[in-house]
Q: 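My questions will all concern the structure given below.
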There are 2 protein chains.
Amino acid sequence: MLPDRRHQLILRALRADGPTTVVALAEKVGASQATIRRDLAQLEDEGLLKRVYGGAAPVVGEDDPFADVAGVRVEAKDALAAWCANLVRDGETVLLDIGTTAHRVARHLHGRSLTVITSNLAVYEELQDDKDIQLILLGGVVRRDYRSLVGFLTEDNLRQVHADRLFLGTSGVRPDGQVLDTTAVEVPVKRAMIAASTHVVLLADAGKFPGTGMARVCGPEELDVVVTNAPGDEKTCNRLREAGVEVVEV
Amino acid sequence: MLPDRRHQLILRALRADGPTTVVALAEKVGASQATIRRDLAQLEDEGLLKRVYGGAAPVVGEDDPFADVAGVRVEAKDALAAWCANLVRDGETVLLDIGTTAHRVARHLHGRSLTVITSNLAVYEELQDDKDIQLILLGGVVRRDYRSLVGFLTEDNLRQVHADRLFLGTSGVRPDGQVLDTTAVEVPVKRAMIAASTHVVLLADAGKFPGTGMARVCGPEELDVVVTNAPGDEKTCNRLREAGVEVVEV
DNA sequence: CCAAACTCAAGCAAAGTCGCGCATGAATGT
DNA sequence: ACATTCATGCGCGACTTTGCTTGAGTTTGG
């Protein structure tokens, strides 16, 4: 069991079940209470959770939109998102995928005159007070730990709408250009999103080549643009370009 | 049981049921009265509640969605909502309408084992952290001023789901039993909700007889129960009963 | 106005939690 | 092969929380 994997499990458990005891976490991830305590201390230092006596609680406003605006150095991932936001023209209809990557893009759309369609609850909270943006939320079952809406209602809705541009997240791109995802339940939603959009923009930051994922979302022929902030694997890039995909390195 | 979790339960109980005794809280959260007193003292220091002799009362802050409504009416409307929540059995699927009335019902559903379907964004925010409740959000265009989702996506989704019970709000009930609404865009959504539910419960607090509204939502034959906190107009009640509607005065 | 009933806060013992030091064991570098 | 590093698990003393008891304070009803 990798420490990083354990940290992920802890954070996921907290997001799903709220405040949890050290004993319960130790049992859940199969580590001693001492180890869990050390993990919690570390994760608290990183601001990823709040330590309470006897356990830990999830921190609510983890993605403060002003945190990185105030920061001197803009994160690399944010540069990616900013570039994507520039791609969008006023008046367009933009479809935003599940995940933090799409949320990042949404932060850069404030004040723009757009229609935004999403099943991403983080995007909803980000843009709900922005009166310039017409916001359309797709239906579905609320997944608390992933802050998303999924299910047949989401897919149904996606068959009824059309977007000029889709910003798609991923967990990995294989050398042959196949786009992957780790969570099976999201794949049908992502496919429906692709079908509902004229242009598909894939956001693949560093570490997504080859990345992980057990489910295939789509092949390179479905993509129009791949945006990345890392010099991707040469072979992968060539394969994508062969399929007519524009590969952009920010 | 984490102290933090206990505090949440206390605050939730206060929000849902208003002023509560120390004894009742101790029983509810499974702690001693001494612990509850210590919790209350701490929470009062943080300004999260107001201590009163024998118990505690919720503090009405700016985040209270009902701060604008006058005191005695809030209690009456909350009694209505509490009665409706008692109507629901564990395991049921509940459909909650747009509007503050349905939100009020949602506040009394905390901790219940239910499936809740709604296009009410206030309900979503109320229940999003409640892990006992499976929450399904209907798609649609976000209406910021009404905190709701409307449009053809909402209606489409409603054709794909079914609920045991619908709690319907209204702006007025005419003497002949017709249910009215003021905003035309909501009417198709309300009709679709009625069609998707086995039982329809109309919440009509004081001032809804005859109330206002330019659009007809449905006739009395679509309703199963009308819950009110005021002795409604005699003629209206008779007309409703003739149509087979159970009229309940809380 | 008084007394009974109830509520509150302080003190105390028990249980639970925390963080530290130390030993173990695996992975890594020399 | 040996030493180093690092994460992990265990034990111990210090600390925190909890529930019970007690005496003082507050409310209620006659």
Side-chain angles (χ1 to χ4, degrees), chain A residues 1-60 62 182 206-207 210-212, chain B residues 1-61 71-72 74-75 78-79 82 110-111 129 131-132:
Chain A
M1 171 70 73
L2 261 47
D4 194 60
R5 168 91 181 129
R6 207 172 50 234
H7 292 175
Q8 283 183 10
L9 284 174
I10 291 172
L11 291 173
R12 179 173 303 174
L14 288 181
R15 277 197 295 268
D17 303 329
T20 313
T21 65
V22 169
V23 178
L25 287 171
E27 194 172 341
K28 184 158 194 157
V29 308
S32 75
Q33 297 180 21
T35 302
I36 297 295
R37 273 189 249 278
R38 277 185 279 250
D39 288 341
L40 294 183
Q42 184 182 340
L43 291 169
E44 188 183 31
D45 273 353
E46 297 170 20
L48 268 42
L49 54 80
K50 186 183 69 176
R51 195 74 163 80
V52 296
Y53 196 85
V59 67
V60 276
E62 106 239 17
T182 42
T212 57
Chain B
M1 172 69 72
L2 256 46
D4 194 62
R5 170 96 180 124
R6 208 172 48 234
H7 293 174
Q8 284 185 8
L9 284 174
I10 290 171
L11 292 173
R12 180 175 297 177
L14 288 180
R15 277 199 300 267
D17 304 327
T20 313
T21 65
V22 170
V23 178
L25 287 172
E27 193 172 343
K28 184 158 193 158
V29 307
S32 74
Q33 297 179 21
T35 302
I36 296 295
R37 285 199 182 89
R38 277 185 277 249
D39 288 341
L40 294 183
Q42 184 182 340
L43 291 169
E44 188 182 31
D45 273 353
E46 297 169 19
L48 268 43
L49 54 79
K50 188 182 65 177
R51 195 73 164 78
V52 294
Y53 196 84
V59 65
V60 281
V72 62
V74 167
E75 284 179 21
D78 242 28
H110 276 296
D129 293 324
K131 68 184 192 329
D132 297 314

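Numbered from 1 within each chain, the chains take letters A, B, ... in sequence-line order. Only this structure's heavy atoms are used, side chains among them; waters, hydrogens and symmetry mates stay out.
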Q: With side chains defined as the heavy atoms from C-beta onward, is the minimum distance between A/Gln42 and A/Arg38 less than 4.5 Å?
A: no
Q: Can you check the B/Leu40 CG to D/dT17 C1' distance for me, whole Å?
A: 16 Å
Q: Could I get the full list of salt bridge (Lys or Arg N to Asp or Glu O under 4.0 Å) partners for A/Lys28, not counting sequence neighbours?
A: A/Asp17
Q: Nearest whole angstrom, please: distance from the P of D/dA7 to the NE2 of A/His7.
A: 10 Å
Q: Polar pairs (N or O, both sides) under 3.5 Å between protein and nucleotides 20-28 of chain D?
A:
unit_1	atom_1	unit_2	atom_2	d
D/dG25	N2	B/Tyr53	OH	3.0

Q: Between atom CG in B/Asp4 and atom P in D/dT16, what is the gap in whole Å?
A: 18 Å
Q: Would you mind telling me which of C/dC8, C/dT17, D/dG9 lies closest to the side-chain atoms of A/Thr35?
A: D/dG9
Q: Between D/dT18, D/dG9, C/dT7, spot the one nearest the side chain of B/Arg37, thanks.
A: C/dT7
Q: Provide, to the nearest angstrom, the distance between the CD atom belonging to A/Gln42 and the P atom belonging to C/dG19.
A: 14 Å
Q: Should we count CD of A/Glu27 as having more than 12 external heavy atoms under 6.0 Å?
A: no
Q: If you count every heavy atom of other residues, nucleotides or ligands that lies below 6.0 Å from B/Arg51 atom CZ, does the total exceed 12?
A: yes
Q: B/Arg37: what forms a salt bridge (Lys or Arg N to Asp or Glu O under 4.0 Å) with it, not counting sequence neighbours?
A: none
Q: What is the distance, rounded to the nearest whole Å, between atom CG of B/Leu25 and atom C1' of D/dG19?
A: 17 Å
Q: In whole Å, I'd like the distance from the CD1 atom of B/Ile36 to the P atom of C/dC8.
A: 12 Å
Q: Considering all heavy atoms of both residues, which atom of B/Asp4 and which atom of A/Ala57 are nearest to each other, and what is their separation?
A: OD2-CB, 3.9 Å
Q: Would you mind reading off the distance between B/Arg6 atom CZ and C/dG16 atom C1', rounded to a whole angstrom?
A: 13 Å
